[in-house]
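Just so we're on the same page: letters track the sequence lines, and every chain starts at 1.
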Amino acid sequence: MSETGDLMQKMVSLCKRRGFVFQSSEIYGGLKSAYDYGPLGAELKRNLMNEWWRDMVQGRENVVGLDASIIMHPRVWEASGHLSGFSDPLVDCKVCKERFRADKAPLAESGSALVLAFADKGQAKVAEELIEKQFGQKLTRDGKELRGALAGDRGYVCPVCASPFLSEERQFNLMFRSSIGPVDPLGAVAAALEEGRLAGLSGRELRAAIEDLTKPSAVYLRPETAQAMFVQFANVQQSMAMKVPFGIAQMGKSFRNEITVEHFIFRSCEFEQMEMEFFCEPGTDDEWMEYWRHERMGFWKRYANNPDKFRFRAHEKSELAHYAKGCYDIEYLYPWGWGELEGIANRTDYDLGKHAKHSGQKLEYFDPFTQKKFVPYVIEPAAGATRGLLVYLLDAYHEEVVDGETRVCLRLHPRLAPIKAAVLPLVKKDGMTDVARKIVDDLLRRGIAAKYDEQQTIGKRYRRHDEIGTPFCITVDGETSATSTVTIRDRDTMAQRRVSVDGAVDEIEALLRK
RNA sequence: GCGGGAAUAACUCAGCGGUAGAGUGCAACCUUGCCAAGGUUGAAGUCGCGAGUUCAAAUCUCGUUUCCCGCUCCA
């Protein structure tokens, strides 16, 4: 197995063993693609998100924050295109495995004779055997074609091989649907069934009828935090008297029914985002794009041990979203290859325009200097917080051999580390424990995450804290009582230096500010 | 969604029809006195879950859940 697979396995194992990330609902067999952040993971995620908030919001006069509801008016998703764009009925061909949209498939009248065509004889033979085995139909093979199949009553066949052997139509919608209000919408469906109002409808009609019955209470969990910032654009701009250019930033959970979930917490259905919408005057958008993509790259590299594992990737014209004028991904070299960490997109005036149209409200900006009205363009740096957490864990993971033993060290940036300082009595006697406990109290009172640890031997304690990324260890030893000094050990170099007991907390504080 | 692999103690894994194991870790104590030191003792496992075959299943078969790898898909 490659080194890369090993790294992921080691990371998953470490995350569980040390309380960073657990499988969701593990005692019930686990829930697909859902993860819980344990005590250390919760701290790490919070630290990362705090750094982002500080960098993007608190450190800037022209950016303000928002914390919007996860459930929004369903019409928000109509306007944004999320609702219509993902409700197409998809069908899988059971013969050639193609997935296609039912409404765009070639039509074939029920009962009509079909000719199934394949790329070559070999594939035709495989298909022939598959059909006989799975569907009990013996077709006639003629070169790369199969004859003898008849079209079913659904009115279409596979667009690739023309087979009528298809899965049920399935609605693929990336959004999580729920219902608001205490009355279960299934009640209306049950009543309609009982009264026979749905009798005699075809599959598709039935679906539409049920949709109508449940629609009044249907709500969706947001698939991105971005829309709230567009929807609240006017409120934020007016209440804070913001002048364009300015940004609205938001962190929080988003939900997507991903078709494929993969790579541990990299792509999961429930995830956390850190997004900002930066509203600027049309014509200045290209400059702001340049500004923000470099700001954002700077952010990620600031806390990284391997800055060369981050890169930009400009989207090709063909892969740009329909609303976007340009897009740069910030990618990280994950163990399985380069992958997205953050996308910085020029969303133009698409979103504000859409919401203005759908809501009937004016979402414009009046520039008091130029006396001009315009719909701002938007530059959107949208980062995955949970991806960021994974990136920094992978980036920090380091192994080295010390005296024949492997030392695992998480070289997390001190400001990201869940525990900033461990305070350790060298042994449990001569009053060392009391001194150590007092130092822990002092650290905690200053708001520095600290941990007292007297378990086992000093070496094991150092290694344990190396593995969870604690950057500093303060050790109370035999000299402490005589000289009123303790040692501070650096996680990455294992080097120690003596400082006064009274100055130890200041010392740690200074190290964290660096 | 398709194909392949895996699931046994908190972690890493052995066992592969006949009494559930090791190392690490964890807890307590003794000893020690700066980089996973030594000793004693201890707790810990529905062998992922559910069926089936069998006198007997962790082990064989089927289903299922979760994870990993590769495809596919992905405003």
Side-chain angles (χ1 to χ4, degrees), chain A residues 1-2 4-6 8-10 12-19 22-35 38 77 80-88 90-101 130 167-168 170 172-175 223-224 226-227 256-267 319-324 327 335-337 340 343 345 347 350-351 354 382 400 402-409 424-430 432 455-467 473 475-479 486-487 489-491 493-496:
Chain A
M1 185 60 203
S2 61
T4 64
D6 283 349
M8 272 311 275
Q9 263 169 21
K10 283 174 182 171
V12 171
S13 168
L14 190 154
C15 279
K16 180 177 183 186
R17 190 158 32 89
R18 294 303 190 199
F22 307 123
Q23 171 85 53
S24 165
S25 316
E26 196 184 68
I27 64 168
Y28 287 103
L31 181 66
K32 195 186 185 90
S33 174
Y35 294 91
W77 309 114
S80 70
H82 287 88
L83 204 45
S84 60
F86 289 89
S87 54
D88 308 313
L90 296 184
V91 175
D92 291 308
C93 173
K94 292 189 174 177
V95 179
C96 72
K97 311 301 183 194
E98 177 70 8
R99 173 176 290 166
F100 57 92
R101 284 177 60 166
L130 185 147
S167 72
E168 292 303 305
R170 277 173 296 212
F172 276 70
N173 192 312
L174 111 168
M175 286 197 290
E224 61 177 24
Q227 294 304 321
R256 294 179 196 178
N257 273 315
E258 299 287 353
I259 293 171
T260 311
V261 294
E262 57 187 350
H263 302 312
F264 194 39
I265 58 174
F266 176 76
R267 175 171 292 136
E319 64 178 317
L320 281 178
H322 56 284
Y323 53 74
C327 184
W336 60 87
E340 189 185 357
R347 293 180 77 132
Y350 177 85
D351 299 277
K354 278 280 180 187
E400 63 188 17
V402 179
D403 297 333
E405 295 277 353
T406 300
R407 184 173 85 109
V408 174
C409 187
L424 319 168
L426 188 60
V427 291
K428 286 182 272 186
K429 62 179 191 187
D430 302 334
M432 291 182 200
Q455 292 167 322
Q456 301 169 314
T457 57
I458 190 72
K460 284 191 182 184
R461 284 176 270 165
Y462 284 147
R463 294 303 162 87
R464 202 163 40 227
H465 280 283
D466 289 340
E467 205 184 24
C473 287
T475 305
V476 178
D477 61 14
E479 281 184 49
V486 291
T487 63
R489 170 189 181 270
D490 179 80
R491 173 195 66 202
T493 62
M494 299 190 284
Q496 288 177 289

Would you indicate what [X] reaches in the nucleic acid, counting non-hydrogen atoms under 4.0 angstrom: base, sugar-phosphate, or nothing?
{"X": "A:T406", "value": "base"}
{"X": "A:Y28", "value": "nothing"}
{"X": "A:L426", "value": "base"}
{"X": "A:R464", "value": "sugar-phosphate"}
{"X": "A:S33", "value": "sugar-phosphate"}
{"X": "A:Y350", "value": "nothing"}
{"X": "A:R407", "value": "nothing"}

Hey, does [Y] have a side-chain heavy atom less than 4.5 Å from the side chain of [X]?
{"X": "A:V12", "Y": "A:Q9", "result": "no"}
{"X": "A:R463", "Y": "A:R407", "result": "yes"}
{"X": "A:R489", "Y": "A:D466", "result": "yes"}

Should the ring pair A:H82 and A:W77 be called parallel, tilted or perpendicular, given that the plane angle runs from 0 to 90° and is split at 30 and 60?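 Plane angle over 60°, so perpendicular.
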How long is the gap from [atom1] on [X] to [atom2] on [Y], to the nearest 0.5 Å?
{"X": "A:F266", "Y": "A:S33", "atom1": "CZ", "atom2": "OG", "value": "12.0 Å"}
{"X": "A:S25", "Y": "A:K32", "atom1": "OG", "atom2": "NZ", "value": "14.5 Å"}
{"X": "A:C409", "Y": "A:M494", "atom1": "SG", "atom2": "CE", "value": "8.5 Å"}
{"X": "A:Y35", "Y": "A:E26", "atom1": "OH", "atom2": "CD", "value": "11.0 Å"}
{"X": "A:R464", "Y": "A:R461", "atom1": "CZ", "atom2": "CZ", "value": "8.0 Å"}
{"X": "A:L424", "Y": "A:T457", "atom1": "CG", "atom2": "OG1", "value": "11.0 Å"}

Please state the [atom1] separation for the pair [N] and [M] - nearest whole angstrom.
{"N": "B:C35", "M": "B:C68", "atom1": "P", "result": "39 Å"}
{"N": "B:A9", "M": "B:A14", "atom1": "P", "result": "12 Å"}
{"N": "B:U64", "M": "B:C74", "atom1": "C1'", "result": "27 Å"}
{"N": "B:G45", "M": "B:G63", "atom1": "C1'", "result": "24 Å"}
{"N": "B:C29", "M": "B:G15", "atom1": "C1'", "result": "34 Å"}
{"N": "B:A51", "M": "B:A57", "atom1": "P", "result": "13 Å"}
{"N": "B:A7", "M": "B:C11", "atom1": "C1'", "result": "14 Å"}
{"N": "B:A36", "M": "B:C49", "atom1": "P", "result": "38 Å"}

[X] has an atom [atom1]; how far is it from atom [atom2] of [N], in whole Å?
{"X": "A:Y35", "N": "B:C68", "atom1": "OH", "atom2": "C1'", "result": "10 Å"}
{"X": "A:Y462", "N": "B:A36", "atom1": "OH", "atom2": "C1'", "result": "13 Å"}
{"X": "A:Q456", "N": "B:A37", "atom1": "CD", "atom2": "C1'", "result": "11 Å"}
{"X": "A:R463", "N": "B:U24", "atom1": "CZ", "atom2": "P", "result": "16 Å"}
{"X": "A:H465", "N": "B:C35", "atom1": "NE2", "atom2": "P", "result": "17 Å"}
{"X": "A:R267", "N": "B:C69", "atom1": "CZ", "atom2": "C1'", "result": "15 Å"}
{"X": "A:M494", "N": "B:C35", "atom1": "CE", "atom2": "P", "result": "10 Å"}
{"X": "A:D466", "N": "B:C34", "atom1": "CG", "atom2": "P", "result": "18 Å"}

Between A:V261 and A:I27, which has a closest nucleotide on RNA chain B that is more 5'?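 On the 5' side of the pair lies A:I27.
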Residue met sooner reading RNA chain B from 5', once A:V12 and A:A495 are mapped to nucleotides: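 In this pair, the answer is A:A495.
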For the side chain of [X], counting heavy atoms from C-beta on, which of [options] is nearest?
{"X": "A:R489", "options": "B:U66, B:C35, B:A75", "answer": "B:C35"}
{"X": "A:R18", "options": "B:A75, B:A36, B:U66", "answer": "B:A36"}
{"X": "A:V402", "options": "B:C68, B:C35, B:C34", "answer": "B:C35"}

Complementary nucleotide for [N] - Watson-Crick or wobble, under 3.5 Å:
{"N": "B:A7", "result": "B:U65"}
{"N": "B:U54", "result": "none"}
{"N": "B:U19", "result": "none"}
{"N": "B:U40", "result": "B:A28"}
{"N": "B:U46", "result": "none"}
{"N": "B:C2", "result": "B:G70"}

Enumerate the protein-to-nucleotides 9-15 of chain B contacts in which both atoms are nitrogen or oxygen and the separation is below 3.5 Å.
| residue | atom | partner | partner atom | Å |
| --- | --- | --- | --- | --- |
| B:A10 | O3' | A:K16 | NZ | 3.4 |
| B:C11 | OP1 | A:K16 | NZ | 2.3 |
| B:C11 | O3' | A:S13 | OG | 3.1 |
| B:C11 | O2' | A:S13 | OG | 3.3 |

What string of B, S and - do you get for nucleotides 47-52 of chain B 5' to 3' if you count protein non-hydrogen atoms under 4.0 Å? ------
Is the distance from OP1 or OP2 of B:A27 to the nearest side-chain N or O of A:Q455 less than 4.0 Å?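 Yes, A:Q455 has a side-chain N/O under 4.0 Å of OP1/OP2 on B:A27.
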May I ask you to verify if any side-chain N or O of A:H263 is less than 4.0 angstrom from the OP1 or OP2 atom of B:C69?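 True: A:H263 side-chain N/O within range (under 4.0 Å) of B:C69 OP1/OP2.
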Can you name the closest pair of heavy atoms from [X] and [Y] and give their distance?
{"X": "A:Q23", "Y": "A:A34", "result": "NE2-O, 3.5 Å"}
{"X": "A:N257", "Y": "A:M175", "result": "ND2-O, 3.6 Å"}
{"X": "A:K16", "Y": "A:F22", "result": "O-CE2, 3.4 Å"}

Please confirm whether any donor atom in the side chain of A:E405 sits under 3.5 Å from an acceptor in the base of B:C35, or the reverse.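 Checked by distance alone, the answer is no.
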